[in-house]
Chemist: 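Let me give you the structure first, and then I'll get to my questions.
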Amino acid sequence: LAETEAPRDASRAGHDVLVTAGPTREPIDPARVLTNPSTGTMGYALAEAAAARGASVTLVTGPTALSPPPDVEVVSVETAEEMNEAVQARRTDADYVFMAAAVADYTPAAPSPSKRKKTDTDDDLVLHLRRTPDILKTLGQHKQPQQVLVGFALETDDATQNARKKLNEKNLDWIAVNNLRDEGAGFGPTNRVTLLGRNGTPQELPLMPKAQVAEALLDRILAARQEETS
Ligand code: C5P
C-alpha cells in the first residue's frame, strides 16, 4: 500500500485492506426493516482509493445504491449479524481495517415470520429490540500485531471527547469523527472529519468531497505507519 498511486505488487507486505460501508437492514417482518440513512459513500471512496494505491481490498457492504468500486472484492450483507460474520471471518488477513459502516446498534429481538397486521384497538406498538454485536470492538479485542484499526464516529455532542473514549474502549489506532451538527458533515456527499490517533493532537480536515476525505485519511494513516516502522 504505497502512499502514491502505484502498480499492484503482490510481494509487498501490508496491503490487505478490509473496508465496511453502508447501513445495515434489520428485519421487523418480511415487509419491514429498521435501517439508517447511510449511503455508503465514505466506505466506497476508501475502498476505491486504497485499491488505486495497489492494496488488495475487500469491501463488506450493507445495501447501497452505489456501483462496486473497480478492483475491489465486494461482499454484500444485510444485517449487523451478517456483517459481523463476514468481517470476523476476514479479520486475520487484514493489515488495515476501515470500519465505515453505520451498523445498527439494535435489532428486532423476534422478527415476525409473517407480515404484522395493524389493529384497530392499539394506538401504540412496542418493538422489542436487542443489542447487535459491536463488530469493531470485537476486532479490537482480537487485534493482530501490526494491524491498524480505524473507526468512524458520528456524534452530535462532545464529538472529540466521545470519539477519544471510543478509540480507547474499542482498542483502535485511529478514529475519524464527524459532528452531525456541522454543515456538510455526515450522511451527504461531503464530510468534515477530525482524525484522532492514539497520540498527538486531533487533525482537523477541511470540508471536502468524501473521495478527498478518503485520500487524506489514507495519506495520514499510512504516513504514521511508515514513521512507526522506519
Ligand atoms: O460506538 P459507535 O457505534 O458510535 O462507534 C462507531 C464505530 O463502531 C464505527 O466505526 C462503526 O462502524 C462501529 N460499530 C461496529 N458495530 C456496531 C456498532 C458500531 O463495528 N454494532
Side-chain angles (χ1 to χ4, degrees), residues 17-27 33-47 50 57-64 66 75-92 94 96-109 129-144 147-182 185-187 191 193-198 202 205 210 213-214 217-218 220-221:
V17 175
L18 181 60
V19 182
T20 67
T24 62
R25 193 183 266 172
E26 310 296 326
V33 293
L34 281 183
T35 187
N36 63 65
S38 168
T39 59
T41 311
M42 193 64 244
Y44 277 59
L46 276 163
V57 182
T58 304
L59 174 64
V60 176
T61 178
T64 74
L66 302 173
V75 179
S76 295
V77 297
E78 295 254 331
T79 64
E81 186 54 55
E82 286 170 13
M83 185 171 280
N84 188 43
E85 278 168 28
V87 168
Q88 305 305 341
R90 290 164 177 82
R91 71 174 180 231
T92 48
Y96 293 84
V97 181
F98 292 89
M99 192 74 211
V103 185
D105 290 323
Y106 291 90
T107 191
L129 305 178
R130 67 173 160 71
R131 279 293 297 267
T132 55
D134 190 322
I135 302 170
L136 191 52
K137 194 168 180 180
T138 308
L139 292 178
Q141 286 161 349
H142 296 92
K143 187 147 79 170
Q144 316 289 310
Q147 190 174 53
V148 176
L149 290 185
V150 186
F152 288 78
L154 270 186
E155 303 286 349
T156 52
D157 303 287
D158 302 325
T160 312
Q161 212 181 319
N162 281 331
R164 169 86 51 208
K165 195 163 161 251
K166 283 176 194 176
L167 181 124
N168 291 326
E169 283 174 1
K170 301 194 192 201
N171 193 23
L172 308 180
D173 300 284
W174 299 96
I175 192 157
V177 51
N178 51 74
N179 191 327
L180 271 182
R181 296 198 202 282
D182 276 358
F187 292 118
N191 212 352
V193 309
T194 301
L195 182 62
L196 297 183
R198 291 184 164 278
L205 307 183
K210 286 183 175 171
V213 176
L217 291 178
L218 288 180
R220 281 164 181 75
I221 290 168

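Order of appearance sets the numbers: ligands from 1, and atoms from 1 within every ligand.
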Chemist: Is it the case that ligand 1 has an N or O less than 3.5 angstrom from some N or O of Ala153?
Modeler: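 N/O-N/O distance under 3.5 Å: no.
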
Chemist: Between Ala100 and ligand 1, is there a nitrogen or oxygen pair with a distance under 3.5 Å?
Modeler: no

Chemist: Using a 3.5 Å cut-off on N or O atoms only, is Val103 in polar contact with ligand 1?
Modeler: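 Among all N and O atoms of Val103, none is under 3.5 Å from an N or O of ligand 1.
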
Chemist: Just jot down the ligand 1 atoms closer than 4.0 angstrom to any heavy atom of Pro133, in number order.
Modeler: 16 (N), 17 (C), 21 (N)

Chemist: Please confirm whether Ala102 approaches ligand 1 to less than 4.0 Å, judged on its heavy atoms.
Modeler: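 No; Ala102 lies far enough from ligand 1 that no heavy-atom distance drops under 4.0 Å.
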
Chemist: Does a side-chain heavy-atom distance below 4.5 Å link Val87 with Leu139?
Modeler: yes

Chemist: Atom NZ of Lys166 and atom CG of Asp134: how far apart are they, to the nearest 0.5 Å?
Modeler: 9.5 Å

Chemist: Looking at atom 6 (C) of ligand 1, what's its closest protein heavy atom, distance included?
Modeler: Phe152 O, 3.0 Å

Chemist: Quick one: does Ile135 get an N or O within less than 3.5 Å of an N or O on ligand 1?
Modeler: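 Yes - when backbone and side-chain N and O of Ile135 are compared with those of ligand 1, one distance drops under 3.5 Å.
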
Chemist: A quick test of your reading: do over 12 heavy atoms of other residues, nucleotides or ligands sit less than 6.0 Å from CD of Gln141?
Modeler: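 For Gln141, atom CD is crowded (more than 12 foreign heavy atoms under 6.0 Å).
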
Chemist: Could you check Leu180 against Phe187 for side-chain contact (heavy atoms from CB on, under 4.5 Å), going step by step and ending with a plain yes or no?
Modeler: CA-CA 8 Å; Leu180 271 182; Phe187 292 118; 4.2 Å; yes

Chemist: Among all protein heavy atoms, pick out the one at the shortest distance from atom 20 (O) of ligand 1; state its residue, atom name and that distance to 0.1 Å.
Modeler: Leu136 N, 2.9 Å

Chemist: Check whether any N or O atom of Met99, backbone or side chain, sits under 3.5 Å from an N or O atom of ligand 1, and answer yes or no.
Modeler: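 Yes - when backbone and side-chain N and O of Met99 are compared with those of ligand 1, one distance drops under 3.5 Å.
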
Chemist: With heavy atoms of Thr132 as the reference, note each atom of ligand 1 found under 4.0 Å away.
Modeler: 21 (N)

Chemist: At a 4.0 Å threshold, what atoms of ligand 1 neighbour a non-hydrogen atom of Gly151?
Modeler: 10 (O)

Chemist: Would a 4.5 Å heavy-atom cut-off, applied to side chains only, mark Val150 and Leu217 as touching?
Modeler: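 The answer is no, as the side chains (C-beta and beyond) never meet within the 4.5 Å cut-off.
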
Chemist: Is Leu154 touching ligand 1 with its side chain, its backbone, both, or neither, if touching means heavy atoms under 4.0 Å apart?
Modeler: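 Answer for Leu154: neither.
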
Chemist: Identify whether NZ of Lys or CZ of Arg in Arg131 sits under 6.0 Å from the centre of the six-membered ring of Tyr106 and within 45° of that ring's axis.
Modeler: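 Yes, Arg131 and Tyr106 form such a contact.
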
Chemist: Report the distance from atom CG of Asp105 to atom OG1 of Thr24, rounding to the nearest 0.5 Å.
Modeler: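 One finds 8.5 Å between CG of Asp105 and OG1 of Thr24.
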
Chemist: For a quick check under 3.5 Å, do Gln88 and Arg91 share a side-chain donor-acceptor pair by atom type?
Modeler: yes

Chemist: May I ask you to identify the nearest protein heavy atom to atom 18 (C) of ligand 1, giving residue, atom name and distance to one decimal place in Å?
Modeler: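 The closest one turns out to be Asp105 OD1, 3.4 Å.
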
Chemist: First locate atom CG of Leu136, then atom CG of Asn171, and finally report the distance between them rounded to the nearest 0.5 Å.
Modeler: 9.5 Å

Chemist: Please compare Lys170, Lys165, Lys166 and report which has the shortest non-hydrogen distance to atom 19 (C) of ligand 1.
Modeler: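 Nearest heavy atom to atom 19 (C) of ligand 1 lies in Lys170.
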
Chemist: For atom NZ of Lys137, is the number of surrounding heavy atoms from other residues, nucleotides or ligands below 6.0 Å larger than 12?
Modeler: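 No, NZ of Lys137 has 12 or fewer neighbouring heavy atoms, counting only those of other groups under 6.0 Å.
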
Chemist: At a 4.0 Å threshold, what atoms of ligand 1 neighbour a non-hydrogen atom of Ala101?
Modeler: 11 (C), 12 (O)

